[in-house]
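Report on the following structure.
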Amino acid sequence: MKIIQVRDKNEGGQVGYQLVAETLKKGTETFGLATGSTPISIYDALVASDLDFSAATSINLDEYKGLAADHPQSYHYFMAQHLFNEKPFKESFVPDGANSDAAAEVARYEKIVDAHPVDLQILGLGKNGHIGFNEPGTPFDSLTHEVALTESTITANARFFDSATAVPRFAYSMGIASIMKAKQILLVAYGAAKAEAVQAMIEGPVSEMLPASILQRHPHVTIILDEAAASRLTKK
């Protein structure tokens with residue numbers, strides 16, 4: 001793991017942007033993308049740049065089950081607002097939250113992942129150590145699947161909805177094995193609330209109870225942290 005400590009999310013966005021730009025110039029064809037507040041500064045930097053993604057493909061990690069693509073809190077809508085409207089890709093894939101047939105949807109999406117091997121995967125980190133919507137206890141060999149969200153994840157995401165009761169209880173997510181197929185991974189985490197998960201991810205044992213710990217076994221991982229998120233690390 002390569003760990004880069006930054007002052008704040010704005011500097012982190014610039015560092016993340018530089019990594020994306022470098023990989024694009026080297027011929028990266030497929031980018032794995034994440035949603036949530038953490039990667040927004042990277043997407044803002046990409047939008048402000050002159051980078052051209054019209055020959056590249058994007059694949060998103062996850063989507064709430066039960067939300068259509070045009071729902072304001074769907075991840076499809078999020079990506080359009082923060083990136084795709086300004087920087088369109090040749091193709092962009094997001095799980096279909098409106099598909100209530102979970103078995104069909106996860107099978108469909110895993111075929112997409114297999115057909116478009118991810119060169120660079122961007123990840124955020126949940127307070128409980130989740131990556132994508134892979135909650136603690138998710139098997140490391142999991143592929144795209146339907147997820148029952150934990151109360152901690154529902155609570156963390158409630159700020160984006162009118163209330164916690166409005167947050168969907170299920171989601172579709174690329175599995176941990178799906179994520180680990182990526183050639184390169186960029187994980188970003190900010191704030192003291194992520195410090196415990198960061199320390200466990202980097203310095204703790206590899207355990208399915210801390211999904212992000214599997215990244216210790218990936219050959220090419222870059223982690224961007226601010227001072228608060230890195231505060232519990234014993235080796236800096």
Side-chain angles (χ1 to χ4, degrees), residues 9 12-13 32-44 47 58-86 92-110 112-113 121-138 142-176 178-179 187-198 209-212 228-229:
K9 64 182 180 181
L33 302 179
T35 52
S37 58
T38 300
I40 287 178
S41 61
I42 295 177
Y43 298 153
D44 286 346
V47 167
S58 71
I59 300 181
N60 263 74
L61 282 169
D62 43 27
E63 176 62 282
Y64 287 117
K65 183 181 179 184
L67 298 190
D70 60 354
H71 189 286
Q73 297 305 330
S74 74
Y75 286 172
H76 193 114
Y77 188 93
F78 175 100
M79 294 305 305
Q81 294 296 307
H82 289 285
L83 186 61
F84 296 155
N85 287 347
E86 299 295 330
S92 290
F93 299 102
V94 182
D96 181 5
N99 188 353
S100 60
D101 187 338
E105 180 56 23
V106 301
R108 182 191 74 86
Y109 206 69
E110 189 62 30
I112 291 173
V113 174
Q121 175 67 59
I122 297 174
L123 296 175
L125 177 68
K127 294 177 183 178
N128 62 3
H130 74 230
I131 47 177
F133 269 134
N134 295 292
E135 302 284 15
T138 302
S142 59
L143 300 176
T144 303
H145 58 292
E146 180 185 19
V147 180
L149 303 181
T150 64
E151 285 303 315
S152 64
T153 297
I154 291 168
T155 299
N157 291 343
R159 66 188 187 277
F160 301 116
F161 291 81
D162 292 336
S163 67
T165 58
V167 182
R169 266 44 187 173
F170 294 89
Y172 295 129
S173 179
M174 284 169 55
I176 294 175
S178 309
I179 292 169
L187 184 141
V188 186
Y190 304 125
K194 301 292 179 72
E196 184 175 354
V198 165
M209 295 312 297
L210 200 294

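Here, residue 1 is the first one in the sequence, and each next residue gets the next number.
Taken to the nearest 0.5 Å, the CD1 atom of Ile112 stands 11.5 Å off from the CG atom of Asn60. Note that CD1 of Ile131 and CG of Leu210 are 9.5 Å apart. Values are rounded to the nearest 0.5 Å. Here the CD1-CG distance, from Ile179 to Leu187, works out to 10.0 Å after rounding to the nearest 0.5 Å. The CG atom of Leu149 sits 8.5 Å away from the NE2 atom of His130 when rounded to the nearest 0.5 Å.
Using cut-offs of 30° and 60° for the angle between ring planes, the Phe78 and Tyr75 rings count as perpendicular. A tilted orientation is assigned to the rings of Tyr64 and Phe133, their planes being inclined by 30° to 60°.
Heavy-atom minimum distance, Asn128 versus Pro211: O-CD, 4.3 Å. Considering every non-hydrogen atom in both Leu143 and Ser178, the closest pair reads CA-OG, 3.4 Å. Pro39 and Gly36 make their closest contact through CD-O, 3.2 Å (heavy atoms, listed as atom of the first residue, atom of the second, distance). Nearest heavy atom pair, residue Ala195 against residue Ala228, reads CB-O, 3.5 Å. Taking each heavy atom of Ala34 and Leu61 in turn, the nearest pair found is CB-CD1, 3.8 Å. Nearest heavy atom pair, residue Pro168 against residue Phe161, reads CD-CZ, 3.6 Å.
Between the side chain of Ser142 and the main chain of Ile176, a donor-acceptor pair closer than 3.5 Å is present. Checking side-chain atoms of Lys194 against main-chain N and O of Gly126 turns up no donor-acceptor pair under 3.5 Å. Distance alone, capped at 3.5 Å, is enough to place a donor-acceptor pair between the Glu110 side chain and the Thr144 backbone. Distance alone, capped at 3.5 Å, is enough to place a donor-acceptor pair between the Asn85 side chain and the Ala80 backbone.
Proximity of Leu33 to Ile59: side-chain heavy atoms (C-beta onward) are nowhere separated by under 4.5 Å. Using a 4.5 Å heavy-atom cutoff, the side chains of Asp62 and Tyr172 are not in contact. Using a 4.5 Å heavy-atom cutoff, the side chains of Ser37 and Tyr190 are not in contact. A 4.5 Å side-chain heavy-atom check between Ile154 and Thr150 finds every atom pair outside the cut-off. Counting only heavy atoms from C-beta outward, the side chains of Val188 and Leu123 never approach each other to under 4.5 Å.
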Can you give the donor-acceptor pairs under 3.5 Å from side chains of residues 67-74 to other protein atoms, not counting sequence neighbours?
unit_1, atom_1, unit_2, atom_2, d
His71, ND1, Gln73, N, 2.9
Gln73, NE2, Phe160, O, 2.7
Ser74, OG, Ala68, O, 3.4
Ser74, OG, Ala69, O, 3.0
Ser74, OG, His71, O, 2.9
Ser74, OG, Tyr77, N, 3.0

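Phe170 pairs by the ring pair (Phe, Tyr, Trp, His ring centres under 6.0 Å) definition with nothing, not counting sequence neighbours.
With Pro95 as reference, Glu63 is the one residue of Glu63, Lys65, Glu146, His76 to meet the side chain to side chain contact (heavy atoms under 4.5 Å, CB included) rule.
Other residues, nucleotides and ligands contribute over 12 non-hydrogen atoms within 6.0 Å of the CD atom of Gln81.
Within the structure, side-chain hydrogen bond (donor to acceptor under 3.5 Å, both in side chains) contacts touching residues 97-106 (residues at least two apart or in different chains) are Asn99-Glu105, Glu105-Arg108.
A donor and an acceptor atom, one from each side chain of His145 and Asn134, are located under 3.5 Å apart.
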